[in-house]
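Only one structure is covered here, and it is reproduced in the block below.
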2 protein chains.
Amino acid sequence: MAVTARTYDASQYERPSVTVDVVIFTILDSELKVLLVKRKNWPCEGMWAIPGGFVDMNEGLEEAAYRELREETSVSGQDVYLEQLYTFGNPGRDPRTRVITVAYFALVGADKLHLPEGGLRAASDAAGVGWFSAYTPPLLAFDHAEILEYAITRLRYKLEYTAVGFQLLPERFTLRELQEAYETVLSEKLDKGNFRSKLRKSGAVEATDAYQETGGRPARLYRFRDDAVAEIKTRRLFP
Amino acid sequence: MAVTARTYDASQYERPSVTVDVVIFTILDSELKVLLVKRKNWPCEGMWAIPGGFVDMNEGLEEAAYRELREETSVSGQDVYLEQLYTFGNPGRDPRTRVITVAYFALVGADKLHLPEGGLRAASDAAGVGWFSAYTPPLLAFDHAEILEYAITRLRYKLEYTAVGFQLLPERFTLRELQEAYETVLSEKLDKGNFRSKLRKSGAVEATDAYQETGGRPARLYRFRDDAVAEIKTRRLFP
DNA sequence: ACAAAAGTGTTGAGAGTACACCCATGC
DNA sequence: GCATGGGTGTACTCTCAACACTTTTGT
């Protein structure tokens, strides 16, 4: 019986390793991007993988996720959305030993990233880190393709039910940029007028007095209103 | 850097213990109930807790959850809904050692439970297992109150967005029973007419030719249609 | 006949959708 | 002027929510 197994001396049990992996998304060039790192060790040496690492013995899980995020992107906790995604623990997912991975997913605004000189290309070749299209990633190590797929599914749900989408954009953005972000994540065309009127009614954004040149009429820049949102008025879907 | 830390010899790291806890819900006497077990060891000896146990080295997480479920309720995998809930891993949540708990939540139909003789009262006193009102549980061990709260929140979401609610009821049920199940979980009165008409349109249930006596006009018994449901047509809520 | 519970129908208000239209800027 | 993109309004449709109503049983 499980309860009796929970004795004081837990050390008699062999323990698995526990890691935290973070699927980091952003939007660049109107595309949904994910951050990947190149593995330097066996197994899967040279393959791309979702960044992650072992959980320190005195460190909380979320704490570890923030640490990974900071190590890979130099982005502080204030500037990101971070959420636990799922825990993957099939025996055999890592050939070395039993590894249980608590996966997180993170949304980072493109303006928070200070890209290295030479841009993305140079970064991905030299440093072994790079942004990849989330829908057409390279071959990934371990079961990371499954983790990425799961993260994309969750991101779509989140986008439809909450207002986290803003975390993917720079602090000030045009409404077209916001709509394009939604369209790329959802892979679906949206109606301009309806998108804007719903947005206006929700009170989630406020206009700034700055404009951005676009080739036609300049577009007003908007800002996300973090006070008014958080909870989207949710309606029961079933039954 | 995290990536370099992922070397072959993972044994150099101290490893946490990993357990799986399962929050098991059912509906009895028009109330949402949760299964709790009485702890027999230090710490928290004698307190009620969510059933759980260590993950075996060659056992998947979900596999472990099904095992717990079977051990506590003798219910097979076919007859339940099981879903991963969240992973709790704050250092210090267990005073003995670092324990990371992958929590699952399960929905079991009341007809699947073969209650011991003497009913609930006897069971909870003697065997150290019992069903408790989920909204007014006893004082729980460790951070299990938090886990239960989280499970209830998730259950409500699930009920509104999907058709899992049927898993809480016996195979054949009256529409009033179904509505009462929804009302207890959501803590909210629903309109009879609207509830029924939406349910009819969704095609989620089908009538049987059996009836149940109720004190007034006999109520028709319905059955869940597992083919037609699964995916509730979801509409974007934001923006 | 009356109470109790099952089961259906109606109607006004509000949300969603498609689409057309005006505005400001560069060439 | 005209192309390009920003920004708004309208009208039709459908769903939602409150409430009234009919039907079938037991006493």
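We use all heavy atoms of the structure for the numbers below, so side chains are in, but hydrogens, waters and symmetry mates are not. Here is the naming used below: chain letters follow the sequence lines, and residue numbers restart at 1 for every chain.
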Throw together a table of side-chain donor-acceptor distances under 3.5 angstrom for residues 210-218 of chain A, partners on residues two or more places apart or in other chains.
residue	atom	partner	partner atom	Å
A:Y211	OH	A:R220	NH1	3.2
A:T214	OG1	A:G216	N	3.4
A:T214	OG1	A:R217	O	3.1

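- Atom NZ of A:K198 is separated from atom P of D:dG9 by 18 Å (rounded to the nearest Å).
- Proximity of A:R176 to the phosphate of D:dG7: no side-chain N or O atom is located under 4.0 Å from OP1 or OP2.
- For residues 186-208 of chain A, the pairs satisfying ring-ring contact (aromatic ring centres under 6.0 Å, His included) are A:Y182-A:F195, with sequence neighbours left out.
- Within the structure, ring-ring contact (aromatic ring centres under 6.0 Å, His included) pairs that include any residue of residues 67-88 of chain A comprise A:Y86-A:F88, A:Y86-A:Y150 (at least two apart or interchain).
- At whole-Å resolution of the value, CD in B:Q179 and C1' in C:dG7 are 12 Å apart.
- Partners of B:T136 under the side chain to side chain contact (heavy atoms under 4.5 Å, CB included) rule, at least two apart in sequence or in another chain, are B:S133.
- As a whole-Å value, the separation of A:Y211 OH from C:dC23 P is 15 Å.
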Check the interface with nucleotides 22-27 of chain D: list each N/O to N/O pair with the protein under 3.5 Å, or write none.
residue	atom	partner	partner atom	Å
D:dT23	O2	B:R217	NH1	2.7

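- For A:S76, the side chain to side chain contact (heavy atoms under 4.5 Å, CB included) partners are A:Q78, A:D79, not counting sequence neighbours.
- The closest donor-acceptor contact from the side chain of B:R223 to the backbone of B:V205 lies at 3.5 Å or more, if one exists at all.
- Counting to the nearest Å, the P atom of D:dG5 and the CD atom of A:Q212 are 13 Å from each other.
- Considering only residues two or more places apart in sequence or on other chains, A:R154 meets the salt bridge (Lys or Arg N to Asp or Glu O under 4.0 Å) condition with A:E83.
- Rounded to whole Å, atom P of C:dA6 lies 8 Å from atom CD of B:E180.
- For A:R220 and C:dA24, the shortest distance from a side-chain N or O to OP1 or OP2 is not below 4.0 Å.
- Listed by chain and residue number, B:F166 satisfy the ring pair (Phe, Tyr, Trp, His ring centres under 6.0 Å) test with B:F173 (two or more places apart in sequence, or in another chain).
- Of the residues in residues 183-196 of chain A, those lying under 4.0 Å from DNA chain D by heavy-atom distance are A:K192, A:G193, A:R196.
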